[in-house]
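Data block below; observations after.
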Amino acid sequence: MTVAMRQGVIVLEGTCPAGDAEELLQLLLSATANVDWRTCDAAHTSVIQVLMAAGCRMIGPPRGEVLASIVAPALSRGRE
Amino acid sequence: MDEFVEQFLIESRELVEQGTAALAALEQGSDAGREIDSLFRAIHTLKGAAGIVDFDAMGRALHAVEGRLSELRSSTQPPPPGFVSDCYVCLDQVTRWLDEMQLTGEPPKQAEAAADDIVGRFTGAAPALATPPDQGWLERLRAAHPAEAAASRSAFFYCPADDAFFRGEDPLALAATVPGVAGLDLSLGADTALEDFDPFSCAIRIAAFSSAPVPELQRLFHEVIDQIEIVALGDAPAGDGELSATARALLEAQILLLDSNEPGGRAGRIGSAGKIALNILQLAGIAAASAVAQALAGPEGSAREALIAAIKDVLHPPPQVDAPLTPATAMRSLRVDLDRIDALVNLTGELMVVKNAIGHVAGQAQALETKSVGLELRKQHDLLERLVGQLQRAVLEVRVLPLRHVFQRFPRLVREISATLGKPVRFVIEGEATEADATVVESLFEPLLHVLRNAIGHGVEDPAGRAAAGKAAVATVTLRASRRLENVVVEVEDDGRGIDIARVRDTALARRIVTTDALAAMSEQDIVALIFAPGFSTAAEVTGLSGRGVGMDAVKTAVERIGGGVAIDSRPGQGTVIRLNLPFSVMMTRVMTVEVAGQSFGLPLDAVVETALVPREAIVAVGAGRAVVLRDRTLPVLDLTVELGLPEPAAAADEVRIVVIAASDQLGAIAVDRVGGRMDVMLKPMEGLLQGMGGVAGTTLMGDGRVLVVLDVQELFI
């Protein structure tokens, strides 16, 4: 499982495929939770899109290089 | 005609041709940017030319087209549908105006309405470019990332389609592959409450800078090019990957620092010099930055040398070996009036005559006692023959044009025909670079248009018919040219229903083209060939396109007029190929001379099959004509003395010499008194009062100064 709720924190792990978006959205709707993506290597656009829409707090930095260098800054800028 | 107008007409026609070629390339999916540039230049120059001859209406119309093209050039959007055909309409109108000016010598008076129409097409109803709805993205991006903006060559705004995820796309992953991507910003298309958020619909918008030039981004995003806007950033320092003077000075200083032999702090020097070099190069967007980075990351001992080498490479790049040499090869052509070429052609023809005369004199001298003079003369004659032959070929080459000249007019016409008839057609052109004499090329338009109309009108089934036959919905019609020895072969092939032999048979009988008996004896191939017979047309309904009473016989006549032939190859249910066999040049003909009643005549050698001696009694009367049986074939016999109204010879020999001729796919024989030699002649068509004379292909001068009349055997046997 690449998306999971662990002790009140949503954890993204490894490579999150497009299908994870639906799962992630359900988790985000069910509880106000932070998202920990420190062990996430890559995530499909659909997953990133849900993170943007939710505006949740991210616990990072993510492990994946693209995520860390390009996506994470864009995501945090989007909050400003 | 005014000299300006004359020049204007010549140039404008070339520009229209350039524009048409660009449109054709655009349709075939060539690099849109390049073709639109070419079209833009043609239209722009045409507009300027119209101004010189005070043709305001044309200038106004072209100004509208130019404006639209200029919008397209600065955009990354592909041309909207209908744009190409609007451009064709405009170029057609320009051609019509040019034709009118050719006649009158001045700009047409009634051009305003047509100009209004073109202006309307390109300005009025034309929808605005389908740009992404978000217009201010670039300004926002620049404001958010001024440093990245300054160091980048391009920027893009990517609006993936809603169903991008379903199509397996990962827009963000694609954007991450952009070279030197910087300042990437993400946004969502619409603000939606999380409860209503659809995770399956792609709503993300991606904006970013890139160090890559626009064409590279276009390549990268080619599959989603309709969803992305890419703009070039002007005057970016990274523009051409070149170093400013300051950057150079800084890099030189780093080399000095690295070269210094001061003990101590060596590792620190390498580290700091490397960092500075790396920063300078990255800012300038120079690819060598990675080499410097590698040198820094390398083992301690070699880092210094590697770093110096990498920096020196940037400062003094090795010279580029394969720099393009365009100026030397550009446009080695010269515009020459066709009349002047024809004068040259005629002159070589005269030379040919003189050469033949020398051959004649040589023959006479050899027969006399001055044999040695004769031999010498013969030797010189052979030499002259070779040289004149070369000269003639060279001059004829000048008149040679690629078939593209006429082929490029067809894609638009085929599109119109297919739209009118509601039969979708994919039109393929092959071998358009094949060359032929200008006369041949120019006389091909009408016959080919007719054949193409027939292929789409009769050959290709309607969509329902194709579906029933299990064929692809879009039919393929191919126009193909190739060179075969001395001939140029042009084929029109369709993948339609083929020729319905039963229907051809019925129609031929109904129109009394053949008798039932004759039909019974015909092979399927012969029956198919009946569609070329005069008065044959199988069109069940008369449309504006095909079946207007002028059938394939018009094609056959036109092709035979330039010395060619037509053949047909039909496979029922699979399609039809119409093949035009054309001479490479109409100017040169090989003839065989024959003598009848003391006069010489020429017969085109390519029509001659053989010569034979037959006993006079073997020629028997059949109906109104005469015939001979030669090797079990009955051949109609023409007596030239009778046909040409020459005096009957006093005494008839026991044997008759006949020349067997292939005319219109059938054999015939011509009775002659004597068979002469063969020669290459420059055939002059009949002119003036003699123009309409039947049975004569043209004349040429013989070695002894007599005029040789060359007969048109096709006409003699009709």
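Here is how names work: the chains are called A, B, and so on, in the same order as the sequence lines, proteins then strands, and each is numbered from 1.
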Any side-chain heavy atom of [X] within less than 4.5 Å of one from [Y]?
{"X": "B:Phe209", "Y": "B:Arg142", "answer": "yes"}
{"X": "B:Val224", "Y": "B:Pro160", "answer": "no"}
{"X": "B:Ser154", "Y": "B:Ser210", "answer": "yes"}
{"X": "A:Asp20", "Y": "A:Ser46", "answer": "no"}

Q: Side chain from CB out, backbone as N, CA, C, O: work out which of these in B:Ala173 comes under 4.5 Å of a heavy atom of chain A, or both, or neither.
A: backbone

Q | Pairs of heavy atoms under 4.5 Å with chain A: top-ranked of B:Ile204, B:Ile206, B:Asp198 | A | B:Ile204

Q: Give the member of B:Ser201, B:Pro171, B:Ala176, B:Gly168 that has the highest number of heavy-atom pairs under 4.5 Å with chain A.
A: B:Pro171

**Q.** Segment of A:Ile70 engaging chain B (4.5 angstrom heavy-atom cut-off)
**A.** both

Q. Using non-hydrogen atoms only, which part of A:Ala18 is less than 4.5 Å away from chain B: side chain, backbone, both, or neither?
A. neither

Q) Would you call the rings of B:Trp137 and B:Phe157 parallel, tilted or perpendicular if under 30° counts as parallel and over 60° as perpendicular? A) parallel

